[in-house]
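Below, all heavy atoms of this structure are taken into account, side chains as well, without hydrogens, waters or symmetry copies. Numbering of ligands and ligand atoms starts at 1, following listing order.
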Amino acid sequence: MTVLFADVVHSMDIAAAVGAERLREIMAELVNRASSVVQGYGGTVDKFTGDGIMAVFGAPVALEDHAFRACLAALGIQEEAKRLAVDVRERDGVELQLRVGLNSGQVIAGEIGSGALGYTAIGEQVGMAQRMESVAPPGGVMLSESTARLVEHATLLEEAEKLDIKGSDAPVVARCLLGVAPQRERIGSWREPLVGRELEVSTITGLLDRSMSGRGCVVCVAGPAGIGKTRLVGEAVQLAKSRDVEVFSTFCESHATDIALRVVTRLWRAAAGVMGLDDENARARVRERVPDADEQDLLLVDDLLGIADPEVSLPRIDPDARRRRLTALVNAALLARTRPALYVIEDAHWIDAVSESMLADFFTVIPQTPSMVVITYRPEYEGTLTRIHGAQTIALAPLSDPESSALVAKLLGPDSSVGEVGEAIVARAAGNPFFAQEMIRDLAERGVLQGTIGSYVCHTDVAEVSVPATLHAAIGARIDRLGTGAKKTINAAAVIGLRFTAALLTGLEVDSVLDELTKAELIDQVRFTPRAEYAFRHPLIRAVAYESQLKSDRAQLHRRLAAAIEVGDPQSADENAALIAEHLETAGDLHAAYRWHMRAAEWLRPRDALAARARWESARCAADRLPDDHTAVLDMRLAPRTMLISTSFYVGDDVDIDGLYGELRDLTMQTGDLRSLALAMAGRIQWFADHHTRVPEAATLATDLEEMATGIDCDAATKSILLNAVAMARFVNCEFEAALQVIDEIAALTHEVPAVEIALARAIRGSVEICLGDYELGRRHLQESVEQGHALPPVVSAQILFFSSAMVVLGMSQADDLVDDVHEALRRAEEFGDSSGIMAAQYSYGITLLCAEGGSPDDALDVLQRLRTDVEKHKMFKLAAATLDAVLEIDAARKGKLDEAIDVLRASFALHMSSGSRVFVGCPGEALVGLLIERGSTDDLVEAHRIVDQWPTQRLNIPALDLWWLKSRALLAEAEGNSDYYTKLANQYLRLCERLDARGRLSEARRMVNEIT
Ligand SMILES: Nc1ncnc2c1ncn2[C@@H]1O[C@H](COP(=O)(O)OP(=O)(O)O)[C@@H](O)[C@H]1O
Ligand SMILES: [Mg+2]
């Protein structure tokens, strides 16, 4: 039991100031209010001590969670006292303050007499409570060590203090109670004993013990609604707590599946210990936990947890880099944690995609920690979290018939009159414990069963009783039976979600009737202070309550809720934008939904590219559903499409960008917004140019855009973007003269051309010049652009270096000069850049270190190998595919996979010849011919011949792009024993290398010529 002692601070002074009469009046009021608080939490007010009260929890009725109830009462009493103090201050001009102390201890039954408690027997416990009271700060609540230990997990406590206390020799440990932990489990809900599940419980126990020993694991608990997932998790949580394992949990909700980041934010908020703190204190807490973290990283964490200082802006890094850093940081924190923890994610079938993939990243380190993760979901979920490497899955089957019977027997009780109805219930419930429970509740409400849980009797003839056909029906019938007020309340609550506050219900203009719902065990109160919060007892109850309403009523609630969320927390409007948008969309308010979708996308844009795209997609759908004559509807349809197309780079060819682009085209024709069209075209061209099967389309579209660009009236910045896209298309399509012309146009734009565009144009120019034989100028231009790149975003500097390393791949430049630059570019890209930037940086890094003297070829090949996998996986940066194939397959052939290498190169060469960039097609061509000669069968040589013979029909008249061809012909002649022809070709090759200053090829060409003599 727990003893509560409350006392007024300086009551003598108050008495002196207001007189004994008035003091008595104040005290009476205080005791009144305090008593009702105590009773509300199941305590007994025991003694009026003159200037305070004493109350006991856990006696005379045993209450299992007496300490927690006492804490709630203590906080409640303080709140009442503060309210009363306002009146007293106004009327009497004195300060009324209370100290509260709590202490818990064992009481031996029998020592407590009926009526007045036998205090003498428990004097020691009371004495300690009193001492705690005496050291509590005014307005505060102090817990003794024994109470603190009991409520540690459920409350927010100050660090322990050692206090010297009158009447005890040694210092006494005490902790100040700050509040109640928000995720506290419900109190007082009746819990039926667990039936069956022995194997599951022992499995989970074993896994928990193993986890605690340092080999953490992820456990998935799968099964249909009501089968007992949460219940099993509850067992795990109990076990964990009894082993002093900290528990952090979160849950997913059906209406929040599209709200990015929601679940992950909640889980880490819990784990970071910032629940219930205001933002400033929360930030301080995070900094305490990770004392030497990088300041920028901390800002990212603040943002993730939703506790960022609005005055401080988010670090300027790409969303991918943000993601990588957060992953690294959280993983480091998970790894650094030595105290075991249990993380629970409930109902993952409703998880949002961003949280899902972030959590999957985080959970990769769990096996190296003393932590366990439990994830529950219904069988229909097949997402990433079901496939975590090394995870254990517990699939919950229905209870067996004997188990169901046992459960039902426990719920109904031993009376013989319930036997028959029990059988009917068991048969219908089909092993679903929740269904059995709900049927029994339903029958009890209908009066078929009389009495209370565990001791029912049944006087009705079972043949005349209908039991609900489904779990839904059982719940539905119970909701139907509610009074109007309670029904309205539960309907409104269902629109809000699984958990809801009384305050939000008020925001929906609902007069809450929560008691009736709690009594019916449809909802539970899960939080008491500072604001009451409730939760549906089961997600299905929410679902049924939601579905049972008239659509129009529900729409109304959704609309009000959107407003209430916005008004309730205006500071978090951006963060809540997606949620607000979803509610408005469900309410059918498309125009408003559109605005909030767009706002949410803006907020998500620096945080997660795919999530932002999903919002633009929602905005697009909303705009498309609006009637054609809606004001500004065309602009509304255009804006999200523009964003989707211009960010299509992030999704490779997973989405129907072609279709979107066609629609955008039509829209811009209708609105005459040619600038938007031109920008979309530029984005489209860049995307085609990067794609190994769509280079010809890039070229065609570039012709259209070039024509358009002269006609439209736009600023220099826009124009430079358009022209650069054209230049890129010309480059990849080997129209080098045309590329130079366009770049001249960019150079002629006088002012306000962004540095990015200038640098990129210069990089293209340098490459073109080198290939055309103007190598001094070309090298200078390339060099200049690389230097400019240092000051530009990492993605851009990586793209610039791509051109430099492309010259290395073609044998036109030496890699050695680039070594420092590629290191730096990769570092920057990894720290700040998105994946496309990293991929470009990896490319340059790999190529350079492969080719540079004193490079590290093994490391380089490793990087390039991974890059090739990523190119395929992310479907981006395919421009690099041809050269990657060449480099990697030569290596594969060296390692014995000659046949496979030839197959890959044959396909690669054919593909890039037909629809990719022919700038690089010589690379797989040269590699293929070389390997065919090496294998050397007659067929191989015939094939090699065909390849080199084919080239003249496609020749582009760009000297550098003939080098591979000359060399291949020479080697082929040699292989065929035609030495005169070989001599001629090798010399020709050397001469061309010298004329072009093809530094990557010179020594090899010289060797070929020297071999002759
Ligand atoms: N093995 C069991 N023994 C007793 N009661 C159970 C058992 N499994 C589930 N229950 C009860 O059935 C109800 C539904 O279980 P719950 O765990 O919430 O299902 P789920 O999470 O799978 O939807 C709860 O009231 C729970 O306490
Ligand atoms: Mg559940």
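No part of Pro539 comes within 4.0 Å of ligand 1, judged by heavy-atom distances. Of the heavy atoms in Glu403, none comes closer than 4.0 Å to ligand 1. Residue Thr376 does not touch ligand 1, judged by heavy-atom distances below 4.0 Å.
Counting the atoms of ligand 1 from 1 in the order shown, those under 4.0 Å from a heavy atom of Phe434 are 12 (O), 13 (C), 14 (C). Close approach of ligand 1 to Ala225 (heavy-atom distance below 4.0 Å) involves ligand atoms 23 (O). Every atom of ligand 1 with a heavy atom of Val195 under 4.0 Å away is listed here by number and element: 1 (N), 2 (C), 3 (N), 4 (C). Within the listing of ligand 1, atoms 1 (N) sit less than 4.0 angstrom from a heavy atom of Arg197. Annotation for ligand 1: atoms under 4.0 Å from non-hydrogen atoms of Leu407 are 4 (C), 5 (N). Ligand-side atoms of ligand 1 in range of Lys229: 17 (O), 19 (O), 20 (P), 21 (O), 22 (O), 23 (O), range being under 4.0 angstrom from any heavy atom. For ligand 1, the atoms closer than 4.0 angstrom to any heavy atom of Pro193 are 3 (N), 4 (C). Close contacts of ligand 1 with Pro224, meaning ligand atoms under 4.0 Å from a residue heavy atom, involve 22 (O).
By the neighbour-count criterion of 12 heavy atoms within 6.0 Å, atom NZ of Lys487 is densely surrounded, having more than that number from other residues, nucleotides or ligands. Within a 6.0 Å sphere centred on CD of Glu382, heavy atoms belonging to other residues, nucleotides or ligands number 12 at most. Crowding of Gln368 atom CD: a count of heavy atoms from other residues, nucleotides or ligands under 6.0 Å exceeding 12. Atom CG of Asp511 sits in a sparse spot, with 12 or fewer heavy atoms from other residues, nucleotides or ligands closer than 6.0 Å.
Looking at Gly226 next to ligand 1, an N or O pair under 3.5 Å apart turns up. Inclusion of His538 in the set of residues having an N or O under 3.5 Å from an N or O of ligand 1 is warranted. Every N/O-N/O distance between Leu194 and ligand 1 stays at or above 3.5 Å. Every N/O-N/O distance between Leu399 and ligand 1 stays at or above 3.5 Å. Checked by distance only, ligand 1 and Thr230 come closer than 3.5 Å through their nitrogen or oxygen atoms.
Side-chain atoms of Ser400 and Glu403 include a donor-acceptor pair closer than 3.5 Å. Counted by atom type alone, Glu533 and Thr501 present zero donor-acceptor pairs between their side chains at under 3.5 Å. Using modelled atom types, one finds a donor on one side chain and an acceptor on the other under 3.5 Å when comparing Tyr381 with Glu356. For the 3.5 Å distance criterion, the side chains of Glu585 and Ser618 fail to qualify, holding no donor opposite an acceptor. No hydrogens or angles considered: nothing links the side chains of Arg428 and Thr470 as a donor-acceptor pair under 3.5 Å. Inspection of the Asp569 and Ser572 side chains reveals an N or O donor paired with an N or O acceptor under 3.5 Å. A donor-acceptor pair shorter than 3.5 Å cannot be found between the side chains of Thr518 and Asp515.
Using a cut-off of 2.8 Å, one finds that Thr376 contributes no N/O/S atom close to the Mg ion (ligand 2).
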